[in-house]
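Take a look at the structure below.
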Amino acid sequence: MKRLTPALLLVLGFCACAAPGKKTATADVVKVFSTATMDTIMTTPPYGVDKVAELMTKMKTVDDTAAGGDASITALNDTAYASLTLREKFTYHMLNQEEFSQMCDILPERKEEGKRIYGFLPNVFGEYDWSDRQAAFFKDNRDSVETMMKEMIAKDGYVGANLRAAIVMMNGKEMIPTIIDVYKRGYKDHYLLTVLMLLMESNKYPEFMNSTSYKKLYGDETGGYSKYLVYNQANEDLIFQRATNFYNGLSAK
């Protein structure tokens with residue numbers, strides 16, 4: 001049976017809505033996401049979204065028998081994928097996480113997110129994730145991907161959950177000023193603070209690695225998903241200061 005990712009279900013939904021009135025796919029997605037909570041709202045790239053959505057309705061699922069049938073890939077075939085421009089491939093990857101892997105354990109529920117700064121991003125993709133092919137795309141086209149991200153963030157005024165996840169996955173430390181700027185302009189998504197900390201942790205930034213915050217959130221492997229800092233102005237300012245120092249040090253190397 002063909003598995004449908006959350007993103008694909010959404011794409012199918014807005015494609016259906018487009019007929020017969022022929023609304024644009026992008027407009028329908030924005031309307032759907034306007035009712036979502038800030039921690040799960042996604043970014044829909046505008047680059048060839050209708051073409052990508054149409055191709056995604058023809059995707060095939062291939063089970064990975066080596067994983068005992070618990071894993072699969074739902075993806076465009078090589079010919080369809082090769083027909084996409086770089087920007088259209090970016091849209092495809094942001095809308096569809098190709099890899100499915102069944103979870104054995106349910107992640108604990110997150111509470112009072114407005115009062116907390118969690119050490120890890122929420123699991124917004126469920127049992128889906130980017131495949132090796134997709135991870136390679138983000139990393140191999142890092143400069144172009146970051147340019148597109150900045151364009152969308154400037155236009156939309158927020159950083160969608162899929163963008164946040166991609167920034168962390170590709171170690172997009174060059175995005176730090178953009179993240180801080182959009183937060184300070186009013187989009188106070190505490191998971192942007194999480195992104196900043198994860199970037200510092202991934203790059204073993206000494207000022208952060210030696211901090212009390214690091215020890216509390218990442219010092220051991222037990223209960224990592226549930227660990228958080230209390231949100232207050234002092235913690236917010238400290239994360240910004242450390243992330244800015246980290247970013248400024250990159251250009252000095």
Side-chain angles (χ1 to χ4, degrees), residues 1-36 40-64 67 69-103 121-141 144-145 147-149 151-153 155-156 158-167 169-170:
M1 179 180 177
K2 181 177 180 179
R3 295 188 178 96
L4 300 180
T5 69
L8 178 54
L9 287 170
L10 182 60
V11 170
L12 292 172
F14 69 61
C15 283
C17 290
K22 198 61 178 178
K23 298 178 184 177
T24 64
T26 304
D28 287 322
V29 170
V30 170
K31 183 168 64 176
V32 170
F33 284 142
S34 68
T35 63
T40 58
I41 189 171
M42 302 282 185
T43 293
T44 303
Y47 316 115
V49 65
D50 292 303
K51 173 183 175 180
V52 172
E54 174 62 25
L55 288 174
M56 285 174 63
T57 64
K58 302 172 184 177
M59 291 189 301
K60 303 294 184 182
T61 296
V62 179
D63 287 329
D64 183 357
D70 291 333
S72 64
I73 296 290
T74 301
L76 295 179
N77 62 39
D78 291 342
T79 301
Y81 185 73
S83 74
L84 300 176
T85 66
L86 187 142
R87 287 189 167 230
E88 289 167 348
K89 286 176 181 176
F90 175 75
T91 295
Y92 166 70
H93 294 314
M94 295 307 296
L95 290 178
N96 180 59
Q97 293 71 46
E98 292 181 336
E99 187 170 280
F100 173 90
S101 182
Q102 188 171 350
M103 282 186 184
L121 294 175
N123 179 28
V124 295
F125 300 143
E127 294 178 310
Y128 296 87
D129 201 355
W130 283 299
S131 65
D132 290 343
R133 171 172 82 168
Q134 294 183 295
F137 170 85
F138 286 117
K139 293 174 182 177
D140 293 346
N141 300 283
S144 297
V145 167
T147 295
M148 288 183 278
M149 286 181 171
E151 289 175 357
M152 291 185 297
I153 293 169
K155 178 178 179 295
D156 298 336
Y158 66 87
V159 185
N162 46 352
L163 286 191
R164 291 189 318 236
I167 290 168
M169 184 264 292
M170 62 188 273

Working for side chain to side chain donor-acceptor pair (under 3.5 Å), residues S72 and T61: CA-CA 7 Å; S72 64; T61 296; 5.6 Å; no
Donor-acceptor contact below 3.5 Å, side chain D129 vs main chain E99: no
Donor-acceptor contact present, side-chain Y92 to main-chain M56, <3.5 Å: no
Pair T43-D156, side chain to side chain contact (heavy atoms under 4.5 Å, CB included): steps then yes or no: CA-CA 8 Å; T43 293; D156 298 336; 4.0 Å; yes
Gap separating the OG1 atom of T91 from the CE atom of M148, nearest 0.5 angstrom: 7.5 Å
4.5 Å side-chain heavy-atom contact, M42 and V124: yes
Heavy-atom closest pair, residues A166 and M149: CB-CE, 3.6 Å
From CA spacing to verdict: salt bridge (Lys or Arg N to Asp or Glu O under 4.0 Å), R87, E151: CA-CA 12 Å; R87 287 189 167 230; E151 289 175 357; 3.1 Å; yes
Steps toward side chain to side chain contact (heavy atoms under 4.5 Å, CB included) verdict (M94, Y47): CA-CA 11 Å; M94 295 307 296; Y47 316 115; over 6 Å; no
Flag, side chain of N96 to backbone of T74, donor-acceptor distance under 3.5 Å: yes
Candidate pair L84 and L76, rule side chain to side chain contact (heavy atoms under 4.5 Å, CB included), full reasoning: CA-CA 10 Å; L84 300 176; L76 295 179; 3.8 Å; yes
Inter-residue atom distance Y158.OH - I41.CD1, 0.5 Å rounding: 4.5 Å
Plane angle bin for Y81 and H93 - parallel if under 30°, tilted between 30 and 60°, otherwise perpendicular: tilted
Check: F125 ring centre within less than 6.0 Å of W130 ring centre: yes
Non-hydrogen side-chain atoms of M152 and P46 separated by less than 4.5 Å: yes
Cation-pi geometry met for K89 and F137 (6.0 Å, 45°): no
Side-chain H-bond candidate by donor/acceptor type, E98 with S131, under 3.5 Å: yes
Evaluation steps, side chain to side chain contact (heavy atoms under 4.5 Å, CB included), between F100 and I73: CA-CA 6 Å; F100 173 90; I73 296 290; over 6 Å; no
Closest non-hydrogen atom pair between K51 and S83, with its separation: NZ-O, 3.2 Å
Nearest heavy atoms of P122 and R164, plus distance in Å: CG-NH2, 3.8 Å
D140 atom CG: more than 12 heavy-atom contacts under 6.0 Å: yes
Side-chain donor/acceptor of N77 to backbone N/O of A80, under 3.5 Å: yes
